[in-house]
Amino acid sequence: AFRMKFIGLLIAFSVLGALLTYVLVISIRRPISDIVKFFRALAEGRADAVLDYERKDELLQICDSARPLLIKSGFDLNDARRAADESLRIKVGLDCVSTPVRIADNEGRIIYANKALLSDVREMENSLRAYIPDFSADRLIGNDVGIFYKEGREEALARLRTLSETRRTEMQIGDRTYLVTTNPIVNDRNVRLGTIGEWRDRTAEIVTENELGAIVGAAAEGNFSKRVQTDGKSGFFLKLANDLNRLLQNSEAALRDIATV
């Protein structure tokens, strides 16, 4: 009888021990699971990361130590969102600009090109392949700025890496001539982040300048019969061409009248 009682007590204590162990494991695993979910949400940048700071168990210290981390993460997340919104506004603004613009990092690698520049490069793709055989406008982002230089590529990249002030260069890119204005990008801590380049197409200007120079030179020698071609011109250049043609026509008529007299 004593042996049976001893076995019964042993079984009862074993069951009780197993039950207490189960309760203890549950009481530990559940808070740990909450902590794991909290840090996972924090790592994912989610705003719904919460902890029970009213708990009375041993994990209260973890909750207290995580509180400043949660606060800092909230501030960092807000700053990141604000910076992302500002960057998006700048990108959308540059995409709406009609002047071609590109941004490169400190090594000269192109990290952004606005729609105007990509459009120009696509139109010049065939002429660019004349000296860049494998050139593709779709792979422009990620290439370095030096690809546009027919010669002196490494020297151009070296100058770009040390650029500290505005630099203007007239360049032949593809079948066009651009006035390239490059500026360094420096943040408020005076840390250099890269460069921004603005391309102004001077092809039509140069053609008009040469054409006007030839016509004005001929007029200076008494030949008023030449005229400025208006085809393909618009805006200021079209008005200039029409005004100059009218001046040449009036001068020619006046000289003809004088000759007749």
Side-chain angles (χ1 to χ4, degrees), residues 83-187 191-212 229-241:
D85 289 341
E86 290 176 358
S87 297
L88 180 60
R89 282 194 293 269
I90 293 171
K91 180 184 181 301
V92 171
L94 288 175
D95 278 340
C96 295
V97 173
S98 59
T99 303
V101 175
R102 64 91 189 134
I103 297 175
D105 62 16
N106 282 327
E107 296 304 314
R109 183 173 59 91
I110 299 172
I111 59 176
Y112 168 78
N114 70 349
K115 292 179 179 179
L117 188 139
L118 290 174
S119 176
D120 277 12
V121 168
R122 285 193 180 95
E123 290 176 6
M124 296 188 295
E125 208 166 35
N126 290 333
S127 59
L128 284 166
R129 284 175 181 161
Y131 60 96
I132 313 172
D134 58 346
F135 180 82
S136 171
D138 295 331
R139 295 196 301 269
L140 178 63
I141 307 298
N143 266 309
D144 62 74
V145 180
I147 63 172
F148 295 110
Y149 289 81
K150 294 182 179 179
E151 55 186 26
R153 176 175 180 171
E154 293 303 323
E155 292 81 356
L157 286 173
R159 288 194 302 270
L160 201 65
R161 294 187 189 105
T162 58
L163 185 70
S164 59
E165 59 185 6
T166 301
R167 183 171 181 270
R168 292 180 177 85
T169 307
E170 193 166 280
M171 292 177 55
Q172 185 74 27
I173 301 176
D175 55 358
R176 302 182 188 178
T177 303
Y178 288 91
L179 176 62
V180 179
T181 302
T182 310
N183 282 287
I185 302 174
V186 181
N187 65 11
V191 176
R192 192 174 184 276
L193 304 178
T195 59
I196 181 169
E198 176 187 352
W199 296 10
R200 186 167 70 85
D201 192 347
R202 290 200 67 241
T203 308
E205 291 181 20
I206 292 173
V207 170
T208 303
E209 286 172 5
N210 294 335
E211 188 178 8
L212 292 177
Q229 295 296 323
T230 57
D231 294 341
K233 292 182 174 60
S234 60
F236 169 76
F237 294 108
L238 179 59
K239 185 177 185 304
L240 178 62

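Keep in mind the model is a prediction, meaning the values are calculated, not measured.
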Identify the two heavy atoms, one from [X] and one from [Y], that lie closest to each other, and give their separation to 0.1 Å.
X: V121; Y: A137; answer: CG1-CB, 3.7 Å
X: G174; Y: S127; answer: CA-OG, 3.5 Å
X: R122; Y: D138; answer: NH2-OD1, 3.4 Å
X: R102; Y: W199; answer: CG-NE1, 4.4 Å
X: R109; Y: G142; answer: CG-O, 3.3 Å

Using 0.5 Å steps for rounding, measure from the [atom1] atom of [X] to the [atom2] atom of [Y].
X: L163; Y: I185; atom1: CG; atom2: CD1; answer: 10.5 Å
X: L193; Y: N106; atom1: CG; atom2: CG; answer: 7.0 Å
X: I141; Y: L118; atom1: CD1; atom2: CG; answer: 6.0 Å
X: L128; Y: F135; atom1: CG; atom2: CZ; answer: 5.0 Å
X: R200; Y: T181; atom1: CZ; atom2: OG1; answer: 7.5 Å
X: E154; Y: D144; atom1: CD; atom2: CG; answer: 7.5 Å

Whether [X] side chain and [Y] backbone form a donor-acceptor pair below 3.5 Å:
X: E198; Y: T99; result: no
X: D201; Y: R176; result: no
X: Y131; Y: Y149; result: no
X: S119; Y: K115; result: no
X: T203; Y: T177; result: yes

T169 versus R167, side-chain donor and acceptor atoms under 3.5 Å: yes
Check ion pair R159-E155 (N to O, under 4.0 angstrom): no
Side-chain heavy-atom pair V145, T182 within 4.5 angstrom cut-off: no
Heavy-atom side-chain contact between L117 and N114 under 4.5 Å: yes
